[in-house]
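On a predicted model such as this, the values are computed, not experimentally measured, just so you know. Numbering of residues begins at 1 and proceeds along the displayed sequence.
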Amino acid sequence: MLSELVQLALGNLSRARTRFLMTAGGVLVGTTAVIMLVALTFGLQRSAEASIGSSASLTQIDVYPSWGGQPDQDVPQLTVDAVRAFWRIPGVQVVVPFASLQSGGELIAGDYHGWGEVLGIDPALLPYMGVQMQQGQASLGAGEVIVGAQVGQNFYDPEASSEEWQPVEVDLATTPVQLSVYRYTETAYSTKEIDLKVTGTLAPGGSYDYSILMNLQDVMALNEWASGEETDPETFTFSRVTVQATSRDTVSDVSDAIRAMGYGTGGIGDYINELNSFFQTMRLLLGGVGLVALVVAAFGVFNTMSMAVLERTKEIGLMKAIGATDRDVLTVFVVESALVGLSGGIAGALLSAGLQNLVNSLFQTPADGQVSGVTAFLPFDTSQLGGNLIIIPTELTLLSIALATLIGTVAGFIPARRAFRMLPVGALKEE
């Protein structure tokens, strides 16, 4: 029975093709506006994330003691028990604790001096940090280090005058390098120089560009030498803990859970929360603008279906006279309005896909890096877009089609109610 009513609705629409196409065209414009405006925010968000760094850094949360509490409250420290508690938070992929070189250290490579933040890490956690190697291998044996991408550019000539001073780049993979550690006491000052073996260099764009990763045991031994005291396992605290979330979607929940434990959070992963919040707000605003066009199209559907009811009054009376129920009449008109919305929604999705390819092709960066055409006149760098200014997720397409169908159905429901309330005798008398 339902299939027969759908066929009847299709036949009614085919009899008024021009009106059907014009009404569906309004829904097409509204659907296209919703998809394109929301898809623009996805492209801009991906571009913003690409300018931040690697995908691993987007889910990275730096944890530190929060010093913003009450003066009489104890500040939670990054103890071994705290690290274990972080592991138990839902959405956490890995927890990486670090121990900093407390006495400070200076790098010496030939005639040049440099600096980098020395961080001790358990070598077993290296594969879970999500960092990529630019060259070499990720190995942290005794005396071995992994340097950040910018450490080699952080050297200078100590003999140069202030007028001649300039940064010097050193290839740490081929140049012997030493780490000079200081120890201060009340009566003496001494240094300890350690030969370092650079096993690899991290890829740029992460949180460790100016860091030197060293075996945790080596850093603890140097801290003991510099302080003159042995490390107490009961009171030992890490200087820094990095928590890696399972995905961008879980970063916010993990950060909230860590803050609820009394710790502070930061880093790129925490910043991404604010970025996501900004684009979600933009998505709602631009989606609302596009929705206005769909609402306008709904008035067109309402007007079309109202005219259809007036023009087919005798037809409605005849349907009821031969046995059609009020529900059957209502179904026919509701299906017609739903088909108008569905047709406009599908057409809008197809048009959006075509516009996506057209716009993205205009923003495609050539292989030679030379900008031309539209991109040459834009006031911002389009290289981070990667030819993807417009990104249309499948969920957005399906949601927009469903929304267009729903709006068409709702807009046609009131005229449909008027149709099924008609009395057969009165409808057949209409001229």
Can you confirm whether or not the ring centre of F238 sits under 6.0 Å from the ring centre of F236? yes
From [X] atom [atom1] to [Y] atom [atom2], the distance as rounded to the nearest 0.5 Å:
X: Q217; Y: L140; atom1: CD; atom2: CG; result: 12.0 Å
X: Q135; Y: D171; atom1: CD; atom2: CG; result: 6.5 Å
X: L398; Y: L403; atom1: CG; atom2: CG; result: 12.5 Å
X: N303; Y: T23; atom1: CG; atom2: OG1; result: 8.0 Å
X: Q166; Y: F155; atom1: CD; atom2: CZ; result: 15.5 Å
X: L179; Y: I194; atom1: CG; atom2: CD1; result: 5.5 Å

Student check: side-chain heavy atoms of [X] and [Y] closer than 4.5 Å:
X: V147; Y: N154; result: no
X: I89; Y: M261; result: yes
X: L78; Y: S239; result: no
X: L389; Y: L44; result: yes
X: I212; Y: L107; result: yes
X: F86; Y: V92; result: no
X: T409; Y: V334; result: yes
X: M22; Y: T304; result: no

Of all heavy-atom pairs between [X] and [Y], which one has the smallest distance, and what is that distance?
X: V34; Y: G287; value: CG2-O, 4.4 Å
X: A203; Y: D209; value: O-OD1, 4.0 Å
X: P65; Y: P76; value: CB-O, 3.6 Å
X: A347; Y: L28; value: CB-CD1, 3.3 Å
X: I392; Y: Q356; value: N-NE2, 3.5 Å
X: V301; Y: S337; value: CG1-CB, 4.1 Å

Spell out, as yes or no, whether a donor-acceptor pair under 3.5 Å connects the side chain of [X] to the backbone of [Y].
X: S343; Y: V340; answer: no
X: N223; Y: S100; answer: yes
X: Y64; Y: T265; answer: yes
X: N215; Y: P123; answer: no

Determine, stepwise, if the pair T242 / Y208 fulfils side-chain contact (heavy atoms from CB on, under 4.5 Å). CA-CA 11 Å; T242 296; Y208 309 103; 3.6 Å; yes
Any side-chain donor-acceptor pair under 3.5 Å between [X] and [Y]?
X: T231; Y: E224; result: yes
X: E144; Y: S139; result: yes
X: Q244; Y: T59; result: yes

Could you walk me through whether V241 and V96 satisfy the side-chain contact (heavy atoms from CB on, under 4.5 Å) test, starting with their C-alpha distance in whole Å, then the side-chain angles of each, then the deciding distance to 0.1 Å, before giving a yes or no? CA-CA 6 Å; V241 172; V96 183; over 6 Å; no
For Q45 and I391: C-alpha separation, side-chain torsions, deciding distance, then whether side-chain contact (heavy atoms from CB on, under 4.5 Å) applies. CA-CA 10 Å; Q45 182 174 4; I391 298 177; over 6 Å; no
Tell me which one of L172, L202, V177, V198 satisfies side chain to side chain contact (heavy atoms under 4.5 Å, CB included) with V151. L172
Run the side-chain contact (heavy atoms from CB on, under 4.5 Å) test on M133 and I146 for me, step by step, so that the C-alpha distance in whole Å, both residues' side-chain angles and the decisive distance to 0.1 Å come before the verdict. CA-CA 9 Å; M133 302 298 297; I146 300 173; 3.9 Å; yes
Answer yes or no: does atom OH of Y112 have more than 12 heavy-atom neighbours from other residues, nucleotides or ligands under 6.0 Å? no
